[in-house]
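This report concerns only the one structure given below.
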There are 4 protein chains.
Amino acid sequence: MTSTKKFSRRSETRPDEVLDAAMAVFSEKGFAAAKVEDIARRAGVSKGTVYLYFASKDAIIEAIIERAVAPVASGALPRIAAYEGDPRQPIAMLLRTIGTLLSDPEKLAIPKLFLREGMNIPAIADIYRRDVLDRAIPVLVGLVARGVAAGHFRPVDPELTVRSIVGPIIAHVALSEVFGIRPADGLALDRLIDNHLEILFNGLAARPPEPGP
Amino acid sequence: MTSTKKFSRRSETRPDEVLDAAMAVFSEKGFAAAKVEDIARRAGVSKGTVYLYFASKDAIIEAIIERAVAPVASGALPRIAAYEGDPRQPIAMLLRTIGTLLSDPEKLAIPKLFLREGMNIPAIADIYRRDVLDRAIPVLVGLVARGVAAGHFRPVDPELTVRSIVGPIIAHVALSEVFGIRPADGLALDRLIDNHLEILFNGLAARPPEPGP
Amino acid sequence: MTSTKKFSRRSETRPDEVLDAAMAVFSEKGFAAAKVEDIARRAGVSKGTVYLYFASKDAIIEAIIERAVAPVASGALPRIAAYEGDPRQPIAMLLRTIGTLLSDPEKLAIPKLFLREGMNIPAIADIYRRDVLDRAIPVLVGLVARGVAAGHFRPVDPELTVRSIVGPIIAHVALSEVFGIRPADGLALDRLIDNHLEILFNGLAARPPEPGP
Amino acid sequence: MTSTKKFSRRSETRPDEVLDAAMAVFSEKGFAAAKVEDIARRAGVSKGTVYLYFASKDAIIEAIIERAVAPVASGALPRIAAYEGDPRQPIAMLLRTIGTLLSDPEKLAIPKLFLREGMNIPAIADIYRRDVLDRAIPVLVGLVARGVAAGHFRPVDPELTVRSIVGPIIAHVALSEVFGIRPADGLALDRLIDNHLEILFNGLAARPPEPGP
DNA sequence: CATGAATGAGGCTTCATTCAT
DNA sequence: GATGAATGAAGCCTCATTCAT
């Protein structure tokens with residue numbers, strides 16, 4: 001009997017509940033096709049209540065992003081940025097962490113939503129870039145650059161190499177989530193990362209593969 | 001004496017002109033935000049004429065896709081599929097071909113549109129998968145598998161390795177086109193592919209980097 | 001059988017028909033309370049058609065005003081402005097013209113609407129001021145000023161005297177239309193103007209009322 | 001020991017505070033555009049409290065009117081009604097009193113609101129008519145009628161002449177407040193009344209301006 | 001008494017689609 | 001074939017009012 005009543009009153013958690021509902025609805029139907037009423041119904045409130053907390057439909061998706069993006073800054077990034085020594089370890093750690101994260105469908109839904117809507121709504125792409133990419137990419141670039149400088153890596157272009165580090169994961173998720181193309185045994189993100197890291201680290205290794213006679 | 005008007009009827013090319021216009025408009029504003037009127041104006045015809053050739057807005061984007069996707073099957077793919085010997089060459093060729101293609105903004109617009117709208121409209125993703133991915137991926141998988149079998153490559157998983165081959169390009173384009181993140185000197189797709197191929201081929205090379213004593 | 005059909009097609013007169021309908025609805029219910037649907041129904045078209053011609057509800061009332069106000073410029077005003085000689089005649093003529101105009105309920109509805117909505121919607125007041133008052137008032141002020149200079153009138157303040165010229169008519173209409181207060185025998189605008197002119201012209205007459213013994 | 005709070009409850013004056021706030025908000029934005037929340041915030045109470053004292057938004061404006069209109073009956077009116085002798089003096093007094101009143105923006109706001117909303121809400125016009133006009137107009141009519149009967153005034157129509165007495169003031173305020181048209185040196189209501197009275201009294205004077213030969 | 005979270009009917013506006021010409 | 005005026009369903013948002021606390 002939690003709430004058959006017309007007026008309940010739970011202001012503290014409401015905004016978050018609305019965001020949860022919105023996340024679910026946006027993931028299912030996409031931003032454009034999602035009706036504010038759907039979100040309200042899903043959150044168990046009225047349309048008016050949604051507008052009590054968010055000024056517009058646009059504001060809802062921005063709030064979702066802000067909320068999802070906040071933890072990124074304080075996550076593993078600082079530790080990776082400060083890492084000294086062979087960069088292979090933090091890179092492997094980062095990719096495996098991402099792999100674990102994306103294996104949770106609920107977590108996976110977030111970047112999927114970003115990508116999906118970011119392509120149509122520049123404001124969303126901007127937020128994601130500002131709050132995630134502009135933080136994460138320089139860390140990775142620095143890591144690679146130091147790896148090169150310290151002789152761990154071949155003399156690759158750090159900026160472009162970052163695309164080689166994360167690209168396969170993006171491709172894998174895109175194939176799976178957008179086009180429904182998966183390996184026979186499911187998403188297999190762990191196996192992808194293993195396979196990718198082996199190629200990547202061998203490919204980056206300082207020693208040329210053929211030392212010659 | 002076909003017509004007294006300045007421009008005679010050209011009903012044979014009309015549908016294509018409409019598709020060109022639609023492509024341009026969809027690329028600029030996205031499918032949802034594009035109005036049929038925009039497309040008509042761009043094509044220099046009336047709204048009614050658009051509906052003369054296409055049953056609905058959805059039908060327009062599907063026609064764009066069909067038209068764009070048709071040449072893929074008859075392109076370089078068959079030659080690559082039939083290739084014998086070290087797979088490095090066809091892989092490099094393929095990536096460089098893709099690189100050249102995507103450097104033309106007009107060509108780039110096509111996969112961008114697919115990705116953008118495929119995420120929201122499953123029917124589009126289906127067409128793209130059926131007509132492009134289901135043809136191209138098996139060819140690449142076969143190439144890698146044969147490379148492994150012939151001892152050119154380390155014993156990698158062919159299916160997953162395909163993600164490592166194309167992923168960096170996808171990442172590069174996504175960063176550039178969705179988030180506006182580009183290397184200092186422009187898109188630099190050629191440089192990316194060079195950098196990527198060096199890592200990739202070294203990473204795939206059969207000889208382990210460190211033979212040990 | 002003028003039009004039981006769903007699609008009729010009479011583009012040339014449509015905008016005016018919509019304005020007529022809007023005028024009627026606004027007069028009845030006021031701008032705020034009038035629904036676009038009311039206007040559409042009254043005009044015998046669909047809501048969509050209204051938006052075909054007018055970008056918004058606001059645009060409708062502005063169009064009404066523009067249309068009503070257009071004839072003013074080209075009306076009696078230029079002739080009055082150019083008048084030479086005793087200004088009593090053009091003033092009397094002007095007031096009697098106004099009196100005749102306002103006796104037609106349909107014409108009366110226009111300034112009523114302006115006043116009514118101008119009080120709440122500054123944009124409307126602005127248009128009315130710009131297009132009507134800023135043209136008419138200077139003409140009247142000039143007339144009075146010349147009357148004073150030529151010795152026809154006592155040395156009154158022309159600007160303020162304009163209020164004395166038109167004020168009684170405004171008061172009469174306001175009492176009648178806003179508050180339902182009318183002389184026993186109806187609106188009697190003609191009688192009001194006669195009575196007003198007698199007082200006004202005697203009041204303005206150059207010769208002091210009491211020439212002395 | 002009425003309260004530990006900084007401000008003790010003052011329920012006796014609360015309704016009046018709400019009405020003051022409402023008056024201010026209505027004057028600024030008009031009745032329709034004023035939100036109950038605005039009124040509450042201005043009054044320093046919650047929306048719920050407003051509804052504690054007033055059943056609806058309509059009830060608020062009616063209460064404002066009742067409160068504003070009450071003092072009118074007991075004002076200068078009885079004295080004027082009882083006045084004997086040349087009516088010029090009480091008329092001048094009345095107009096000057098009105099002039100002083102309307103120079104106070106806060107006082108001016110009241111008739112402005114009446115006019116503004118009376119045009120849209122008949123109930124408001126009715127109240128104003130019943131409580132103000134139906135009392136004031138007969139007094140003025142009587143004054144003029146007696147002036148005519150006693151030979152002070154020319155044989156004008158008393159009812160219509162009342163429009164000539166108050167009209168210029170109405171016109172002046174309307175031009176100023178609705179359309180922003182003011183004499184160069186501000187509202188100048190005093191000067192208007194002087195100018196008006198001179199014309200009016202000369203116009204009403206019994207002796208015809210030109211006795212003729 | 002007082003609060004302010006919650007409601008939901010109702011309005012304006014958009015735009016894919018239809019069809020008379 | 002071609003046009004573009006007309007349609008109307010559907011969605012976003014506002015805000016007066018209610019009521020649990």
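Within every chain, numbering begins at 1; the chains are lettered A, B, ... in the order of the sequence lines, protein sequences first and strands thereafter.
Rounded to whole angstrom, the span from the CD atom of D:Glu17 across to the P atom of E:dA2 amounts to 10 Å. If you measure from atom CZ of D:Phe54 to atom P of F:dT17, you get 14 Å, rounded to the nearest angstrom. Distance B:Leu52 CG to E:dC19 C1': 12 Å, rounded to the nearest Å. For C:Ile61 and E:dC12, the CD1 to C1' distance is 16 Å, given to the nearest whole Å. Between the P atom of F:dG4 and the CD1 atom of B:Ile39 lies a distance of 17 Å, rounded to the nearest Å.
Using a cutoff of 4.0 Å between basic side-chain nitrogens and carboxylate oxygens, A:Arg42 and A:Asp20 are not scored as salt-bridged.
At the phosphate of E:dT3, OP1 or OP2 sits under 4.0 Å from a side-chain N or O atom of D:Ser46.
Under the rule for a side chain to side chain donor-acceptor pair (under 3.5 Å), the partners of A:Asp38 that lie at least two apart in sequence or sit in another chain are A:Lys29, A:Arg41. Scanning for side chain to side chain donor-acceptor pair (under 3.5 Å) contacts around B:Ser56 gives an empty result, with sequence neighbours left out. Qualifying side chain to side chain donor-acceptor pair (under 3.5 Å) partners for B:Lys112, counting only residues two or more places apart in sequence or in other chains: B:Glu177.
In terms of position along DNA chain E, the nucleotide closest to A:Lys47 lies nearer the 5' end than the nucleotide closest to the other residue of the pair C:Ala55 and A:Lys47. Across the interface with DNA chain F, nearest-nucleotide mapping of D:Asp58 and C:Gly44 shows C:Gly44 to be the residue nearer the 5′ end.
The listed nucleotides are E:dC1, E:dA6, F:dA2; the one nearest the side chain of B:Arg14 is F:dA2. Here the side chain of C:Ser56 is nearest to one of E:dT13, F:dG4, E:dT7, namely E:dT13. Taking only side-chain atoms of A:Tyr51, from C-beta outward, the nucleotide of E:dA6, F:dA2, F:dC13 with the closest atom is F:dC13.
Here the side chains of D:Phe179 and C:Asp126 are not in contact, with every heavy-atom distance at 4.5 Å or above. In this structure, C:Val50 and C:Lys57 have side chains that are not in contact, with every pair of non-hydrogen atoms separated by 4.5 Å or more. Between D:Phe54 and D:Leu19, some side-chain heavy-atom pair lies under the 4.5 Å cut-off.
Rounded to whole Å, the separation between the P atoms of F:dT21 and E:dC1 comes to 23 Å.
Nearest heavy-atom pair across C:Ala32 and D:Ala32 is CB-CB, 4.5 Å.
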(Q) In dot-bracket form, 5' to 3', how is DNA chain F paired? Count Watson-Crick and G-U wobble pairs only if both distances fall under 3.5 Å, and write | where the partner sits on another strand. (A) .||||||||||||||||||||
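Residue-level contact check: D:Lys57 touches the backbone only, with heavy atoms under 4.0 Å from sugar-phosphate atoms and none from bases.
Listed in residue order, the members of residues 21-37 of chain D having a heavy atom less than 4.0 Å from DNA chain F are D:Ala34, D:Lys35, D:Val36.
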With a cut-off of 3.5 Å and sequence neighbours excluded, list every side-chain donor-acceptor pair involving residues 58-66 of chain A.
none

